[in-house]
Amino acid sequence: LSDYPHNSSHASFSSDARFVAIEAAGQLHLWKLPDAKKVLHLTGASLLAFSPDGRFMLTARKRKVTLWQLHTIRPIRSFWAEKAIFSPNSRFMFTARKRKVTLWQLRPIRPIRSFYVRNKIAELLFSNAGTFLAVRGHNLSVLVRNVKKKRTVFRMQIARPKPLHSRGRRNLRYTGQLFFTPKDRRIVYWDKYRYSPLMQVWSTETGRKLKGTPSSLGWKVHALQGNRWALLHSNGETILWDLDDLKQPPPTKKADIYYH
């Protein structure tokens, strides 16, 4: 790549591998592949996402989100928003500003509807099939909304991590990962906070927190694969756990191998 920044902190490829975006020292660089030609350089910007079909890109700068068309490398529209996400079919996108979430149609670009949540928005997450949208607030509350039926399915509260020492709330921070399982039957929160490992699982059908999760049974989660399989370890034993069906297969043969 020409003019490659050696102090790069993050790199992302588009779904069709025609573009690569690299962030370095508060600057965003975009190259077109395979001829490795730099086509865009933005100062003070960061990459939010490439669309699944490889046609669009979202960048953030200060409190604005810009939608780009990758074919022409031209901005289509800017939004006053802090967060944005594409739908899995690349037909829609959601933007979030403070407590407001707006659904946009991409072709042609126009707002469809908006709704409000109780707390300031920290994260937007689509399910794999595009049926559900999860909106996480800064207070670790999560709202799950059915996009197709245009209604809120349920709300859930993530357990707060335990403080490291007596300083208490100063050390409480969000270190976990929120994701849907491949069949969209479960929404899982995995807290990688090393002093209080935690995994919580909710059913998207009933909205209830499920019992019999790894944390409640004394297992420690060491790795995830494909947002479905969890590698668990406890007292020298290692097993694979199916998060979609919450079934426990027999222990693996490589019982002493696990990953952090």
Side-chain angles (χ1 to χ4, degrees), residues 10-23 28-33 39-40 42 45-117 120-137 142-153 177-184 187-188 204 226-228:
H10 182 71
S12 299
F13 286 89
S14 60
S15 59
D16 55 4
R18 293 179 55 200
F19 296 90
V20 57
I22 296 177
E23 298 178 28
L28 179 64
H29 308 263
L30 183 68
W31 280 270
K32 186 176 182 180
L33 304 176
V39 292
L40 185 65
L42 298 175
S46 61
L47 175 72
L48 288 181
F50 286 108
S51 63
D53 62 0
R55 295 184 178 183
F56 302 100
M57 175 180 70
L58 285 170
T59 61
R61 187 177 183 182
K62 295 183 179 179
R63 295 184 180 180
K64 272 191 174 183
V65 171
T66 303
L67 176 67
W68 296 78
Q69 187 176 34
L70 289 176
H71 178 68
T72 58
I73 315 298
R74 291 183 179 180
I76 300 175
R77 183 167 177 171
S78 294
F79 314 86
W80 287 105
E82 291 93 15
K83 306 291 180 182
I85 188 174
F86 290 107
S87 64
N89 58 11
S90 300
R91 295 176 55 191
F92 306 97
M93 62 174 282
F94 276 97
T95 60
R97 184 188 183 194
K98 295 183 179 179
R99 297 188 301 108
K100 182 180 180 181
V101 181
T102 304
L103 172 64
W104 298 81
Q105 179 179 297
L106 290 180
R107 293 185 290 267
I109 182 71
R110 65 180 182 89
I112 298 178
R113 58 182 175 271
S114 301
F115 64 92
Y116 288 84
V117 295
K120 189 176 180 181
I121 299 168
E123 181 184 9
L124 296 174
L125 178 67
F126 251 117
S127 64
N128 301 281
T131 305
F132 301 100
L133 173 73
V135 183
R136 179 178 65 85
V142 180
L143 178 145
V144 179
R145 188 176 178 88
N146 191 310
V147 179
K148 297 180 180 179
K149 295 183 179 180
K150 307 175 186 178
R151 63 181 179 88
T152 299
V153 181
Q177 178 184 359
L178 189 68
F179 60 90
F180 288 91
T181 55
K183 297 180 182 179
D184 290 354
I187 180 170
V188 182
T204 56
N227 288 351
R228 177 177 178 179

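All of these numbers come straight from a predicted model, not from anything done at the bench.
Evaluation of the side chain to side chain donor-acceptor pair (under 3.5 Å) rule for Thr204 yields no partner, not counting sequence neighbours. Scanning for salt bridge (Lys or Arg N to Asp or Glu O under 4.0 Å) contacts around Arg97 gives an empty result, with sequence neighbours left out. Residues satisfying the side-chain contact (heavy atoms from CB on, under 4.5 Å) test with Ile121, not counting sequence neighbours, are Ala96, Val101, Val117, Leu124, Val135. Applying the salt bridge (Lys or Arg N to Asp or Glu O under 4.0 Å) criterion to Arg107, with sequence neighbours excluded, gives Asp53. Residues meeting the ring pair (Phe, Tyr, Trp, His ring centres under 6.0 Å) test with Phe56, sequence neighbours left out: none. Applying the side-chain contact (heavy atoms from CB on, under 4.5 Å) criterion to Asp16, with sequence neighbours excluded, gives Ser14, Arg18. Here Ser15 pairs with nothing under the side-chain contact (heavy atoms from CB on, under 4.5 Å) rule; sequence neighbours left out. Partners of Ser46 according to the side chain to side chain donor-acceptor pair (under 3.5 Å) rule, which considers only residues two or more places apart in sequence or in another chain, do not exist here. For Arg74, there are no side chain to side chain donor-acceptor pair (under 3.5 Å) partners, not counting sequence neighbours. Applying the side-chain contact (heavy atoms from CB on, under 4.5 Å) rule to Lys62 yields no partners; only residues at least two apart in sequence or on another chain are considered.
Contact detail for Ala134 and Ile187: the closest heavy-atom pair is CB-CD1, 4.0 Å.
Atom CZ of Arg91 has 12 or fewer heavy atoms from other residues, nucleotides or ligands within 6.0 Å.
Side-chain atoms of Asp184 never come within 3.5 Å of backbone atoms of Ser127 as a donor-acceptor pair (strictly under, hydrogens ignored).
For residues 75-85, no residue pair satisfies the salt bridge (Lys or Arg N to Asp or Glu O under 4.0 Å) rule, not counting sequence neighbours. Residue pairs meeting the ring-ring contact (aromatic ring centres under 6.0 Å, His included) criterion with at least one member in residues 81-116, sequence neighbours excluded: Phe79-Trp104, Phe94-Phe126.
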